[in-house]
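Please read the structure below before turning to the comments.
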Amino acid sequence: MLGRRDPQIKLADVDEWWKAISPQTVWGRIREWVGQHFRDEDFAAWYSTTGRPSIPPTYILTLVLLQFRQGWSDRQAVEEAQFDDRVKFALGVSRSPEITCDHSTLCKYRARFLDKDLGRALLRQTLADAQAAGLLGDAEDLVDSFMVAGAAARQGTLTLIRQAVRLVLAEMEDAGFPFPALQRNDYGARSKPAIDWNDAGARDGLLQELVADSRMLSQLFQDRTGLPVSLRQALDLLDMVTEQDITTDDQGNW
């Protein structure tokens with residue numbers, strides 16, 4: 001049965017703790033953006049009309065968006081949602097959150113996005129729109145220079161691939177898998193790669209490295225039987241964001 005978020009103020013919120021978090025931070029921007037674009041009722045077709053109320057789907061969608069941006073593993077994402085006030089604010093819950101989920105619930109919900117064509121299309125569009133809105137950029141500066149320099153589409157694709165690689169690496173670390181040697185070693189950094197974004201050659205070089213790393217990770221786990229569900233889903237997401245906008249030219253370059 002479809003669950004919905006309750007906007008009512010709770011006893012734990014009488015001190016108005018959320019006023020310490022600026023709406024202009026990424027936490028406030030994501031909260032506002034999700035509220036403008038999604039309602040729990042939009043997902044009603046995914047649920048039965050009887051039974052216990054589910055975790056509100058907009059809660060999980062927001063958590064998936066935050067997880068993708070921050071490169072958290074499932075366990076990290078659930079922990080942040082439980083203990084970080086900024087994340088609670090972005091999720092639209094009380095300081096003593098009335099809504100929580102464990103990592104297995106996060107896996108099950110995300111599977112709906114990755115297993116069905118309609119869900120995959122929704123997730124792909126959500127990530128693309130969130131990136132275009134400046135919500136998934138690596139820099140904390142939400143009004144970044146590339147957004148007005150004509151290179152937003154290209155950098156958006158690069159950022160999505162980089163964030164997806166970061167998420168796979170987080171899940172690998174959580175599961176105890178060693179990291180392979182990758183083309184780039186800056187996936188843990190919050191800032192954008194230090195290249196000249198006005199130089200087409202530099203952007204193309206970054207693209208070659210990111211796609212190479214993405215495909216190396218995919219090949220490393222070509223047989224995904226027996227992998228933790230969260231790692232398998234992170235790899236599926238990596239495949240999705242890498243392949244959606246990437247083609248190969250006559251010289252074999254991406």
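Along the sequence shown, the residues carry numbers beginning at 1. Only this structure's heavy atoms are used, side chains among them; waters, hydrogens and symmetry mates stay out.
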Handout entry: Side-chain donor or acceptor of E171 paired with backbone N/O of D74 under 3.5 Å
Key = yes

Exercise for the section: Write down the atom of P180, the atom of L220, and the distance for their closest heavy-atom approach. Expected result: CG-CD2, 4.0 Å

Problem - Heavy-atom donor-acceptor pair, S218 side chain to S214 backbone, under 3.5 Å - result: yes

Exercise for the section: Supply the atom-to-atom distance D84 CG to Q70 CD, rounded to the nearest 0.5 angstrom. Expected result: 9.0 Å

Practice task
Identify the two heavy atoms, one from R110 and one from S230, that lie closest to each other, and give their separation to 0.1 Å.
Solution key: NH2-CA, 3.8 Å

Exercise for the section: Classify the side-chain pair Y59/D40 by whether it contains a donor and acceptor separated by less than 3.5 Å. Expected result: no

Practice task
Indicate yes or no for a side-chain donor-acceptor contact from D42 to the backbone of R39 under 3.5 Å, with no hydrogens or angles considered.
Solution key: yes

Handout entry: Min side-chain heavy-atom separation E80-L66 under 4.5 Å
Key = no

Practice task
Can you see which heavy atom on L160 is nearest to which on F68, and at what distance?
Solution key: O-CZ, 3.4 Å

Handout entry: Pairs involving residues 54-64, ordered by first then second residue, that meet salt bridge (Lys or Arg N to Asp or Glu O under 4.0 Å) (sequence neighbours left out)
Key = none

Exercise for the section: May I ask you to say whether D239 pairs ionically with R224, meaning some side-chain N is under 4.0 Å from a carboxylate O? Expected result: yes

Exercise for the section: Mind checking side chain to side chain contact (heavy atoms under 4.5 Å, CB included) for S104 and listing every partner two or more places apart, or none if nothing turns up? Expected result: D102

Handout entry: Salt bridge flag under 4.0 Å for residues D15 and R95
Key = yes

Practice task
Please tell me if the side chains of W72 and L167 come closer than 4.5 Å, counting only heavy atoms from C-beta onward.
Solution key: no

Handout entry: R29 (side chain) donor-acceptor with A133 (main chain) under 3.5 angstrom
Key = yes

Practice task
Could you check R31 against T62 for side-chain contact (heavy atoms from CB on, under 4.5 Å), going step by step and ending with a plain yes or no?
Solution key: CA-CA 8 Å; R31 176 189 174 119; T62 307; over 6 Å; no

Problem - Whether Q233 side chain and C107 backbone form a donor-acceptor pair below 3.5 Å - result: yes

Problem - Closest non-hydrogen atom pair, P178 against M172 - result: O-CE, 3.2 Å

Problem - Salt-bridge contact R162-D186 (side-chain N to carboxylate O under 4.0 Å) - result: yes

Problem - Crowding at CZ, R75 (>12 non-hydrogen neighbours, <6.0 Å) - result: no

Practice task
May I ask you to test the F179-Y187 pair for a side-chain heavy-atom distance under 4.5 Å?
Solution key: no

Handout entry: Linked, directly or transitively: L227 and V229 (ILVMFWY side chains, under 4.5 Å)
Key = no

Practice task
Tell me, please, whether F221 has R232 positioned over its six-membered ring: NZ or CZ under 6.0 Å from the ring centre and within 45 degrees of its axis?
Solution key: no

Completion exercise
Rounded to the nearest 0.5 Å, the CZ atom of R124 sits from the CG atom of L114 at a distance of 10.0 Å

Problem - Evaluation steps, side-chain contact (heavy atoms from CB on, under 4.5 Å), between W33 and L65 - result: CA-CA 11 Å; W33 186 83; L65 200 60; 4.0 Å; yes

Handout entry: Exam field: side chain Q163 to backbone L136, donor-acceptor pair closer than 3.5 Å
Key = yes

Exercise for the section: Report yes if the side chains of F38 and L122 come closer than 4.5 Å at any heavy-atom pair, otherwise no. Expected result: yes

Practice task
Would you please test S94 and K88 for side-chain contact (heavy atoms from CB on, under 4.5 Å) and show each step?
Solution key: CA-CA 7 Å; S94 170; K88 296 174 192 174; over 6 Å; no

Problem - Side chains of R120 and Q125, donor plus acceptor under 3.5 Å - result: no

Exercise for the section: State, with a plain yes or no, whether a side-chain heavy atom of I60 is found less than 4.5 Å away from one of L106. Expected result: yes

Practice task
Flag the pair T25 / F89 as yes when at least one side-chain heavy-atom distance between them is below 4.5 Å, and no otherwise.
Solution key: no

Practice task
Could you walk me through whether L123 and M240 pass side-chain contact (heavy atoms from CB on, under 4.5 Å), step by step?
Solution key: CA-CA 10 Å; L123 180 57; M240 185 183 77; 4.0 Å; yes

Handout entry: Side-chain (Q76) to main-chain (S73) donor-acceptor, under 3.5 angstrom
Key = yes

Practice task
Verify, without hydrogens or angle tests, whether T105 (side chain) and C101 (backbone) share a donor-acceptor contact under 3.5 angstrom.
Solution key: no

Exercise for the section: For V26 and L135, work out which heavy atoms get closest and say how close. Expected result: CG2-O, 3.9 Å

Problem - Flag side-chain contact, heavy atom, 4.5 Å: L91 against I30 - result: no

Fill in the blank from the handout: Nearest heavy-atom contact between A164 and V241 is CB-CG2, 3.4 Å

Exercise for the section: Hey, could you give me the CH2/CD1 distance between W27 and I21, rounded to the nearest 0.5 Å? Expected result: 9.0 Å

Handout entry: Heavy-atom side-chain proximity of E32 to P23 below 4.5 angstrom
Key = no

